[in-house]
Every structure is written in structure tokens, then in C-alpha cells.
Visitor: 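I have a structure here, written as C-alpha cells, and I will follow up with some questions on it.
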Amino acid sequence: MDEHDKRDEHGGGGERGVDIATETFITHRNLLFTVAYELLGSAADAEDVLQETWMRWTKVDLGTVRDRRAYLVRITTRQALSRLRTLGRRKETYVGPWLPEPLLTTPDLAEDVELAENVSMAMLLVLETLTPPERAVFVLREVFDFGYHEIARAVDKSPAAVRQIAHRARAHVAARRPRGATSPDETRDALEAFQRAVETGDVQGLIDILAPDVVVIGDGGGLKQAVLRPVVGADKVARLFLSGIARIDAGLSMEPVQVNGAPALLLRLGDEIDGILAVRVDDGLVAGFYYVRNPEKLSRVEQETMVSR
């Protein structure tokens with residue numbers, strides 16, 4: 001057997017090597033997308049990262065790779081960290097608040113409580129407050145359970161440095177993350193009460209389901225009208241929604257959907273999607289509304305996206 005045949009046998013070259021590279025990439029694609037999305041909060045950018053990962057993966061001598069899953073995650077992480085710098089520059093000129101790109105997710109995602117929490121809109125906003133290395137280390141360690149040595153290879157730091165970063169990131173997230181896990185049923189009940197109150201104009205009924213310090217964050221990206229600053233307080237939030245609905249004709253409809261692992265509402269004006277309204281619920285009350293109206297962020301809300309680990 002010559003050297004070329006040996007490379008083919010181990011997936012290092014030739015048609016068989018390409019087949020193995022393709023099979024391996026397809027096997028782990030949902031995982032890689034989830035890693036990239038967790039790091040970026042943008043499905044469009046996550047797809048670009050996967051394309052870059054694939055291009056690099058096809059050039060790897062697979063005969064030298066012990067753990068193909070870990071190697072692919074390493075490439076994806078490095079490409080996502082590079083992409084984060086570009087995203088950071090974009091956000092500096094973004095019109096109004098920036099929210100993660102919502103994903104229509106499969107119902108079974110809710111069964112993985114930890115993953116569902118970590119891809120939630122509220123948690124992705126918490127991750128936005130981390131530095132890029134902190135975010136990568138936190139996601140790879142806490143969500144995907146990679147070891148410190150493997151994470152060190154992905155972020156190009158020593159294992160000791162990664163341990164310190166992980167400790168710092170965990171403390172940072174713990175101080176800002178939602179207070180406790182909320183069941184899908186509890187979130188669904190709160191959304192149904194919200195929808196009922198808004199559709200009937202029940203001011204008191206709406207206030208009764210809002211936490212006193214509830215906040216609304218809207219993202220129109222300068223392309224659609226949205227609040228340019230967070231609106232805080234039950235009275236202000238109730239007036240915002242009821243006055244906003246009153247200005248819209250009867251063509252507005254609200255459809256229950258599963259977004260980022262939790263119940264949410266898909267709003268339509270006639271046949272056109274107007275936006276996604278996701279919520280954070282604490283102790284049975286709505287503590288946060290995340291309303292994404294930017295049409296460039298609504299391409300993933302009609303077809304389910306698989307996320308996994």
C-alpha cells in the first residue's frame with residue numbers, strides 16, 4: 001500500500017477522504033450551528049461560520065485527527081470569535097437596541113432544559129455582556145461540557161488561563177442570568193393571559209400579569225419602528241402595548257410558536273410577519289419582553305431550526 005492509499009484509508013485524501021469529511025461534518029452540523037449561534041446570537045452569521053468551518057475542514061488530514069467532533073468545534077469556535085469582532089463593529093452603528101436573531105425551534109428542545117435555557121433570548125442577552133473569550137469558554141464548558149484542555153486549544157490560551165476565564169464568566173453570568181428556570185407551561189400561561197388582555201383591551205388584566213419592573217426591549221434595526229430605549233415598569237409597558245395595538249387595524253394576529261426553546265408569539269399583519277415577541281417569566285409574572293421586528297432577523301421563524309449538543 002503506497003502513501004496515497006494510506007491517506008485514503010484514514011480519511012486523509014482522495015474520494016474516500018472527502019466522503020468521510022462530508023459524513024463527519026453532516027453528523028455534527030447541528031451541534032456546530034448551535035455553538036456558533038450561542039457565540040454570535042445571529043443565525044445568518046452562524047451559517048457563514050459553518051461555511052468557513054467546512055472550507056477549512058476539507059483541507060485537514062483526517063488521519064491526524066483523534067477526535068473529529070472536538071476538532072470541528074475548535075474550528076467553529078475560532079471562526080466565530082473572528083466573526084464576533086465584525087459583529088461588534090456592526091452593533092456600534094446599529095439603530096436602537098440589538099436583540100438576538102430568533103429561531104423557530106422544535107418542541108423537543110424544551111426537554112433539554114439546560115440547552116433550552118442557554119439558547120433563550122434572555123440568556124443570549126446575558127452572554128452579550130461577556131468578552132468574546134469569556135463567552136467562548138462559558139459556552140464550551142457550561143453548555144457543551146468540553147474539558148479545559150480542549151477549550152484551551154479552541155481559544156488559543158493555556159488550560160490555567162481557561163480555568164480563570166471560566167470562573168470569571170460563571171460569576172458574571174450568575175449575577176445577571178434569569179432568577180430561576182420557568183416551565184414551558186408557565187410561560188405559555190403567561191403569554192395566553194397577555195394575549196387575552198391585549199386583544200380585549202383589559203388594562204388591569206394586563207398589569208396583573210406583569211412584574212413591577214418589567215422591561216420591553218424592541219429591535220427594529222432602523223428598518224421597522226420599535227422602541228429606541230427599553231421601556232420599564234408595569235404601567236408604562238401596559239400603556240405601550242395597548243396603545244400600540246389600538247393604532248393597528250384588525251389585521252393583527254398573534255400565533256403561539258416555540259422560539260429559542262420557549263413559548264413565544266408570532267405577530268402578523270395580514271399575511272406578513274410583523275415580528276416575534278419572546279418573554280422572560282419570573283414567578284408567574286412577565287419580567288421581560290423581547291420584540292424583534294427587524295425583517296432581516298425574521299428568516300428563521302417559519303421553518304424549524306435544529307439545535308443540539
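Positions are given from 1 along the sequence.
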Visitor: For F144, check ring pair (Phe, Tyr, Trp, His ring centres under 6.0 Å) against everything at least two apart and list the hits.
Guide: none
Visitor: Do the charged groups of E134 and K157 touch, with an N to O distance under 4.0 Å?
Guide: no
Visitor: Taking side chain as C-beta onward, heavy atoms only, is L32 less than 4.5 Å from V35?
Guide: no
Visitor: Would a 4.5 Å heavy-atom cut-off, applied to side chains only, mark R29 and W54 as touching?
Guide: no
Visitor: Heavy-atom count around E128 CD within 6.0 Å, excluding the residue itself: above 12?
Guide: yes
Visitor: Could you pull out the closest heavy-atom pair between I209 and A190, with the gap in Å?
Guide: CD1-O, 3.7 Å
Visitor: With rounding to the nearest 0.5 angstrom, report the OG1 to CG distance, T77 to L72.
Guide: 10.5 Å
Visitor: So D219 and P97, do their side chains get closer than 4.5 Å, heavy atoms only?
Guide: no
Visitor: Would you say that more than 12 heavy atoms from the other residues, nucleotides or ligands in this model lie under 6.0 Å from the NZ of K224, or not?
Guide: yes
Visitor: Report the C-alpha distance between D108 and E111 in whole Å, list the side-chain angles of each, state the deciding distance to 0.1 Å, and finish with yes or no for side-chain contact (heavy atoms from CB on, under 4.5 Å).
Guide: CA-CA 5 Å; D108 61 348; E111 297 172 9; 4.1 Å; yes
Visitor: Would you say the ring centers of W57 and F25 fall short of 6.0 Å from each other?
Guide: no
Visitor: To the nearest 0.5 angstrom, please state how far the CD atom of E186 sits from the CG atom of D282.
Guide: 9.0 Å
Visitor: Give a yes-or-no answer on whether the side chains of D202 and T200 include a donor-acceptor pair shorter than 3.5 Å.
Guide: no
Visitor: Take I276 and Y290 through the side-chain contact (heavy atoms from CB on, under 4.5 Å) test and state the conclusion after the steps.
Guide: CA-CA 8 Å; I276 284 287; Y290 311 105; over 6 Å; no
Visitor: Applying a strict under-4.5 Å side-chain criterion to I, L, V, M, F, W and Y, I'd like to know whether V259 and L115 cluster together.
Guide: no
Visitor: Could you report the tightest heavy-atom contact between T58 and M55, atom names first, then the distance?
Guide: OG1-O, 2.8 Å
Visitor: Quick check: is L277 connected to L269 through a chain of hydrophobic side chains (ILVMFWY, heavy atoms under 4.5 Å apart)?
Guide: yes
Visitor: Which heavy-atom pair separates R74 from E150 by the least distance, and what is that distance?
Guide: NE-OE2, 3.2 Å
Visitor: Do S42 side-chain atoms and E101 backbone N/O form a donor-acceptor pair below 3.5 Å?
Guide: no
Visitor: Could you check whether any side-chain heavy atom of Q225 comes within less than 4.5 Å of a side-chain heavy atom of R293, counting everything from C-beta outward?
Guide: yes
Visitor: Taking atom types as modelled and ignoring hydrogens, do the side chains of E199 and Q195 form a donor-acceptor contact shorter than 3.5 angstrom?
Guide: yes
Visitor: Under the side-chain contact (heavy atoms from CB on, under 4.5 Å) rule, what do T187 and V279 come out as? Steps first, then yes or no, please.
Guide: CA-CA 8 Å; T187 301; V279 297; 3.7 Å; yes
Visitor: List in chain and number order the residues that pass side chain to side chain contact (heavy atoms under 4.5 Å, CB included) with V231, two or more places apart in sequence or in another chain; answer none if no residue qualifies.
Guide: V216, V227, K236, V237, L240
Visitor: Kindly compute the distance separating CD (Q79) from CG (L84), expressed to the nearest 0.5 Å.
Guide: 12.0 Å
Visitor: Hydrogens and angles aside, do Q204 and D208 bring a side-chain donor and acceptor to less than 3.5 Å of each other?
Guide: yes
Visitor: Same cluster for L99 and Y291 if Ile/Leu/Val/Met/Phe/Trp/Tyr side chains link at under 4.5 Å?
Guide: no
Visitor: Is it true that the side chains of Y71 and R153 contain a donor and an acceptor less than 3.5 Å apart?
Guide: no
Visitor: Within the structure provided, determine whether P159 and Q164 are in side-chain contact (heavy-atom separation under 4.5 Å).
Guide: no
Visitor: Do the side chain of N260 and the main chain of P102 share a donor and acceptor less than 3.5 angstrom apart?
Guide: no
Visitor: About how many Å separate OG1 of T76 and CD of E38, when rounded to the nearest 0.5 Å?
Guide: 13.5 Å
Visitor: Using atom types as modelled and distance alone, determine if a side-chain donor or acceptor of R309 lies under 3.5 Å from a backbone N or O of V143.
Guide: yes
Visitor: Establish, yes or no, whether the cationic atom of R141 lies under 6.0 Å from the six-membered ring centre of Y148 and within 45° of the ring axis.
Guide: yes
Visitor: Indicate, with yes or no, if V281 and V257 share a hydrophobic cluster defined by side-chain heavy-atom contacts under 4.5 Å among Ile, Leu, Val, Met, Phe, Trp and Tyr.
Guide: no
Visitor: Out of curiosity, M254 CE to D274 CG, how far, rounded to the nearest 0.5 Å?
Guide: 10.0 Å
Visitor: Of all the heavy-atom pairs spanning L127 and N118, show the shortest one and how long it is.
Guide: CD1-O, 4.5 Å
Visitor: Testing the basics here: between A238 and I207, what is the closest heavy-atom pair and its distance to 0.1 Å?
Guide: CB-CG1, 3.8 Å
Visitor: Thinking salt bridges, do D45 and R83 make one under a 4.0 Å N-O criterion?
Guide: yes
Visitor: With hydrophobic residues grouped by side-chain heavy-atom distances under 4.5 Å, do L223 and L87 end up in a single group?
Guide: no
Visitor: Does any N or O in the side chain of R135 come within less than 3.5 Å of the main-chain N or O of L39, such that one atom is a donor and the other an acceptor?
Guide: yes
Visitor: Pick out which of R170, R176, R168 makes a side-chain hydrogen bond (donor to acceptor under 3.5 Å, both in side chains) with H172.
Guide: R176
Visitor: Below 30° counts as parallel, above 60° as perpendicular, anything between as tilted: where do the rings of F194 and F241 land?
Guide: perpendicular
Visitor: What's the shortest heavy-atom distance between R56 and V60, and which atoms?
Guide: O-CG2, 3.4 Å
Visitor: When Ile, Leu, Val, Met, Phe, Trp and Tyr are grouped by side-chain heavy atoms lying under 4.5 Å apart, directly or through other members, which residues fall in the same group as W98?
Guide: Y94
Visitor: Contact between V65 and R68 at the side-chain level, heavy atoms closer than 4.5 Å - yes or no?
Guide: yes
Visitor: Counting only N and O atoms by type, is there a donor-acceptor contact under 3.5 Å from the side chain of R268 to the main-chain atoms of L252?
Guide: no
Visitor: If you measure only the distance, is there a donor-acceptor pair under 3.5 Å linking the side chains of R300 and T305?
Guide: yes
Visitor: Is the CG atom of D67 crowded by more than 12 outside heavy atoms at less than 6.0 Å?
Guide: yes
Visitor: Less than 4.5 Å apart, side chain to side chain, heavy atoms only: is that true for I165 and F138?
Guide: no
Visitor: Please test L265 against L267 for side-chain contact (heavy atoms from CB on, under 4.5 Å), starting from the C-alpha separation and ending with a verdict.
Guide: CA-CA 6 Å; L265 292 173; L267 277 68; 3.9 Å; yes
Visitor: Between T105 and G261, is there a donor-acceptor pair closer than 3.5 Å when you use the side chain of the first and the backbone of the second?
Guide: yes
Visitor: Is any side-chain heavy atom of L103 less than 4.5 Å from a side-chain heavy atom of V307?
Guide: yes
Visitor: Rounded to the nearest 0.5 Å, how far apart are CG of L104 and CG of L298?
Guide: 11.5 Å
